J.: 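Take this structure first; my questions come after.
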Amino acid sequence: MDLDERKLKILQAIIRNYLETGEPVGSRTISKYTDLNLSSATIRNEMSDLEELGYIIQPHTSAGRIPSDKGYRLYVDRMMLEKEEQLNQATQEVKELQRILLEREDKMESVLKQMAKMLAVNTNYATMISAPQVRGNKLKFIQLSRVDTRQLLTTIVVEGNVIKNSMIAVEDMLDDETLLKLNILLNTNLNGLPVKEINLAMIAKLKQQAGIHAGIIADVMDAVAAVIEDDEDIKIYTSGANNIFKYPELADNQRASALITTFEEKQLLNELVQNSLADDPGTDIQVYIGSETPVKTMKDCSVVTATYELEEGMKGTIGIIGPRRMDYDKVVNTLKMLRSQLDTIYKKSSADGDDRKEYKHD
């Protein structure tokens, strides 16, 4: 016999209350904890039916009831089904998000490249723009998917709708039920947590609960840790490096060669971006003159940077590099204007993408 909605709600209320208190549950207690708006007498009748059906039992002579194994089984099966439905819905949302991101990633990259070029043309200096990075955000969703008998795909989504994919090798193929249980375990314990708050004790607990699949949990947590290790992953777009030759004080072979190499290899520019993003959040514009710059090859230059911020903590850096005698007033005003334009373009792009605001982080 299938239970109607009212009996199910009463059974769930009995089980939840018993799990919390460890004491038999009576009808008066249930009338306070459910939204059924039923009298105690009606609830007693329903509890009698549940007892007759074997879902609850009455210990000793107590007026209260406790769940039977059959009641627990129904509760757990329904809970797992609800979790599976939630997971399937979240999986579909992630797939849709991935589709949108694939369409928009090239668009954002094109916008940043075009802005770097426009900035170089308008200022006659060298320019750089870093792609937005997400720092210290919370986990939204983790999904394990089977690729083949020996590989799993881990998809990690954090606030800002940044997606990180990672492949995990497995010794034996996992069946659908095992995958579902691992996904529920991960999402139940980690959703909503800031990545940096996930500690060794938490990981040890997850591995213990995963049993023989503890190694998979360890690999997933390595992939989660990689989300915040983005120093080497920053994409930087540059333009106007040849403008350096327009200024005699920078145009001698040694200086010019070092600067051109910096713009081509971009590793040192990464240091400039990190320095800019680490500055006081209340500081809009940073001006480095000569030896003040964190990049040694730019010690004969002036560098002006601005940090732009998109939705949910996504930050990047815009920089202009020129001689010490650069037009600071023009450069600062240009950066402020460009930052405003980037925000406008990004929000318009987000609106075109079904009102979403996201950027893919490979």
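A quick note: this is a predicted structure, and the numbers were derived from the prediction, not measured. Side chains are part of it too, since the values below use all heavy atoms of this structure and drop only hydrogens, waters and symmetry mates.
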J.: For Val304 and Val332, work out which heavy atoms get closest and say how close.
T.: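 Scanning both residues completely, I find the closest heavy atoms to be CG1-CG2, 4.4 Å.
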
J.: For the residue pair Leu144 and Leu153, establish whether any side-chain heavy-atom pair is separated by less than 4.5 Å.
T.: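 Not touching, per the 4.5 Å side-chain cut-off.
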
J.: Is there a side-chain contact between Val295 and Val303 in this structure, where contact means two heavy atoms from C-beta onward sitting under 4.5 Å apart?
T.: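 They are not in side-chain contact.
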
J.: Please name the pair of heavy atoms, one in Leu185 and one in Gln209, separated by the smallest distance, quoted to 0.1 Å.
T.: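 Here Leu185 and Gln209 meet closest at CD1-OE1, 3.0 Å.
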
J.: Is there a chain of hydrophobic side chains (I, L, V, M, F, W, Y, each step under 4.5 Å between heavy atoms) that links Leu335 to Ile289?
T.: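 Same cluster: Leu335 reaches Ile289 through Ile, Leu, Val, Met, Phe, Trp or Tyr contacts under 4.5 Å.
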
J.: So, taking the atom named CD in Glu265 and the one named CG in Asn270, what distance separates them when rounded to the nearest 0.5 Å?
T.: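 Glu265 CD to Asn270 CG: 13.0 Å, rounded to 0.5 Å.
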
J.: Calculate, to the nearest 0.5 Å, the distance between atoms CG and CE belonging to Leu119 and Met337 respectively.
T.: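 These two atoms lie 8.5 Å from each other.
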
J.: Is the side chain of Thr297 donor-acceptor paired with the backbone N or O of Thr262 at a distance under 3.5 Å, no angle test?
T.: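 A pair under 3.5 Å: no.
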
J.: Taking atom CG of Asp148 as the centre, does the number of heavy atoms from other residues, nucleotides or ligands within less than 6.0 Å exceed 12?
T.: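 Check passes, neighbour count above 12.
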
J.: Checking Lys70 against Tyr55: charged group under 6.0 Å from the ring centre and within 45 degrees of the axis?
T.: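 Yes, cation above the ring, under 6.0 Å and within 45°.
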
J.: Would the distance check show the side chain of Lys330 and the main-chain N or O of Asn122 forming a donor-acceptor pair, the cut-off being under 3.5 Å?
T.: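 Confirmed, Lys330 side chain pairs with Asn122 backbone.
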
J.: Does either side chain, that of Asn124 or that of Lys246, offer a donor lying less than 3.5 Å from an acceptor on the other one?
T.: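 Side chains of Asn124 and Lys246: pair found under 3.5 Å.
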
J.: Would you find a donor on one side and an acceptor on the other, under 3.5 Å apart, between the side chain of Asn187 and the backbone of Ile142?
T.: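 At least one qualifying donor-acceptor pair exists.
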
J.: Do you know which of Glu52, Glu46, Glu51, Glu23 makes salt bridge (Lys or Arg N to Asp or Glu O under 4.0 Å) with Arg65?
T.: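 With Arg65 as partner, salt bridge (Lys or Arg N to Asp or Glu O under 4.0 Å) holds for just one option, Glu51.
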
J.: Check whether any side-chain heavy atom of Tyr308 sits under 4.5 Å from a side-chain heavy atom of Ile129, and report yes or no.
T.: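 Answer yes - side chains close enough.
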
J.: Tell me the closest heavy-atom pair linking Val25 and Ile14, and the distance in Å.
T.: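 Answer, listing the atom of Val25 first, then Ile14: CG2-O, 3.7 Å.
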
J.: When hydrophobic residues are tied together by side-chain contacts of less than 4.5 Å, even through go-betweens, does Ile10 share a cluster with Leu19?
T.: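 Yes: a chain of side-chain contacts under 4.5 Å links Ile10 to Leu19.
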
J.: Side chain to side chain contact (heavy atoms under 4.5 Å, CB included) for Asp49 and Lys7? Distances and angles first, verdict last.
T.: CA-CA 9 Å; Asp49 290 342; Lys7 284 185 174 62; 3.5 Å; yes

J.: Quick test of your reading of the model: are Glu177 and Lys181 salt-bridged, counting only N-O distances below 4.0 Å?
T.: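 Here Glu177 pairs with Lys181 in a salt bridge, since their nearest N and O are under 4.0 Å apart.
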
J.: I'd like to know whether Leu186 forms a side chain to side chain contact (heavy atoms under 4.5 Å, CB included) with Ile217, so could you lay out the CA-CA distance, the side-chain angles of the two residues, the decisive distance to 0.1 Å, and finally the verdict.
T.: CA-CA 8 Å; Leu186 289 165; Ile217 297 297; 3.8 Å; yes

J.: Would you please name every residue forming a salt bridge (charged side-chain N to carboxylate O under 4.0 Å, His left out) with Arg324, sequence neighbours left out?
T.: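 Here no residue qualifies.
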
J.: List the steps and the verdict of side chain to side chain contact (heavy atoms under 4.5 Å, CB included) for Val287 and Thr305.
T.: CA-CA 7 Å; Val287 179; Thr305 64; over 6 Å; no

J.: Heavy-atom distance under 4.5 Å between the side chains of Phe263 and Thr127, does that happen here?
T.: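 They are not in side-chain contact.
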
J.: Considering only NZ, NE, NH1 and NH2 on the basic side and carboxylate oxygens on the acidic side, decide whether Arg73 and Asp77 come within less than 4.0 Å.
T.: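 Here Arg73 pairs with Asp77 in a salt bridge, since their nearest N and O are under 4.0 Å apart.
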
J.: Check whether any side-chain heavy atom of Tyr328 sits under 4.5 Å from a side-chain heavy atom of Val331, and report yes or no.
T.: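 The answer is no; the side chains never approach within 4.5 Å.
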
J.: Mind checking the CD-CD1 spacing from Gln12 to Ile30? Nearest 0.5 Å is all I need.
T.: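 CD1 of Ile30 is found 11.0 Å from CD of Gln12.
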
J.: Heavy atoms only: give me the nearest Glu249-Asp252 pair and the separation to one decimal.
T.: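 Taking Glu249 first and Asp252 second, the nearest heavy atoms are O-OD2, 4.2 Å.
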
J.: Using only heavy-atom distances, determine whether the side chains of Thr178 and Asp175 contain a donor-acceptor pair under 3.5 Å.
T.: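 Asp175 and Thr178 do have a side-chain donor-acceptor pair below 3.5 Å.
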
J.: Restricting to non-hydrogen atoms, name the atom on Gly240 and the atom on Ala120 that form the minimum distance, rounded to 0.1 Å.
T.: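 Shortest heavy-atom contact: CA-CB, 3.7 Å.
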
J.: Nearest 0.5 Å, what's the CG-OG distance between Leu112 and Ser110?
T.: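 These two atoms lie 9.0 Å from each other.
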
J.: Is the backbone N or O of Thr307 less than 3.5 Å from a side-chain atom of Arg339, with the two atoms forming a donor-acceptor pair by type?
T.: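 Flag set: sc Arg339 to bb Thr307 pair under 3.5 Å.
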
J.: Taking atom CZ of Arg146 and atom CG of Leu174, what is their separation to the nearest 0.5 Å?
T.: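 Arg146 CZ to Leu174 CG: 7.0 Å, rounded to 0.5 Å.
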
J.: Rounded at 0.5 Å granularity, tell me how far SG in Cys301 sits from CZ in Arg325.
T.: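 The CZ atom of Arg325 is 11.5 Å from SG of Cys301, to the nearest 0.5 Å.
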
J.: What I'd like to find out is whether the side chain of Leu193 reaches to under 4.5 Å of the side chain of Met202, using heavy atoms alone.
T.: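 The answer is yes; the side chains approach within 4.5 Å.
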
J.: Could you walk me through whether Met167 and Leu152 pass the side chain to side chain contact (heavy atoms under 4.5 Å, CB included) check?
T.: CA-CA 6 Å; Met167 299 298 295; Leu152 296 176; over 6 Å; no

J.: With no hydrogens and no angle check, just 3.5 Å: does a side-chain donor-acceptor pair link Glu20 and Asn17?
T.: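 Checked: Glu20/Asn17 side chains show no N/O donor-acceptor pair below 3.5 Å.
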
J.: Run the ring-ring contact (aromatic ring centres under 6.0 Å, His included) test against Tyr247 and tell me which residues pass, sequence neighbours left out.
T.: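 Per chain and number, Tyr247 pairs via ring-ring contact (aromatic ring centres under 6.0 Å, His included) with Tyr125.
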
J.: Taking atom CG of Asn199 as the centre, does the number of heavy atoms from other residues, nucleotides or ligands within less than 6.0 Å exceed 12?
T.: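 Enclosed: over 12 neighbouring heavy atoms sit under 6.0 Å from CG of Asn199.
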
J.: Heavy atoms, side chains only, cut-off 4.5 Å: are Leu11 and Met47 in contact?
T.: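 Sidechains of Met47 and Leu11: no contact.
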
J.: Quick check: do Thr123 and Asn243 have side-chain heavy atoms less than 4.5 Å from each other?
T.: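 Not touching, per the 4.5 Å side-chain cut-off.
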
J.: What are the two closest heavy atoms between Ser239 and Lys117, and how far apart are they?
T.: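 Looking at all heavy atoms of both residues, the shortest contact is OG-CA, 3.3 Å.
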
J.: So, does Lys266 use its side chain to make a donor-acceptor pair with the main chain of Ile236 at under 3.5 Å?
T.: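 Judged by distance alone, yes, a pair lies under 3.5 Å.
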
J.: Out of curiosity, does Leu180 fall in the hydrophobic cluster containing Val76 (side-chain heavy atoms, cut-off under 4.5 Å, transitive links)?
T.: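 In one cluster with Val76: Leu180, yes.
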
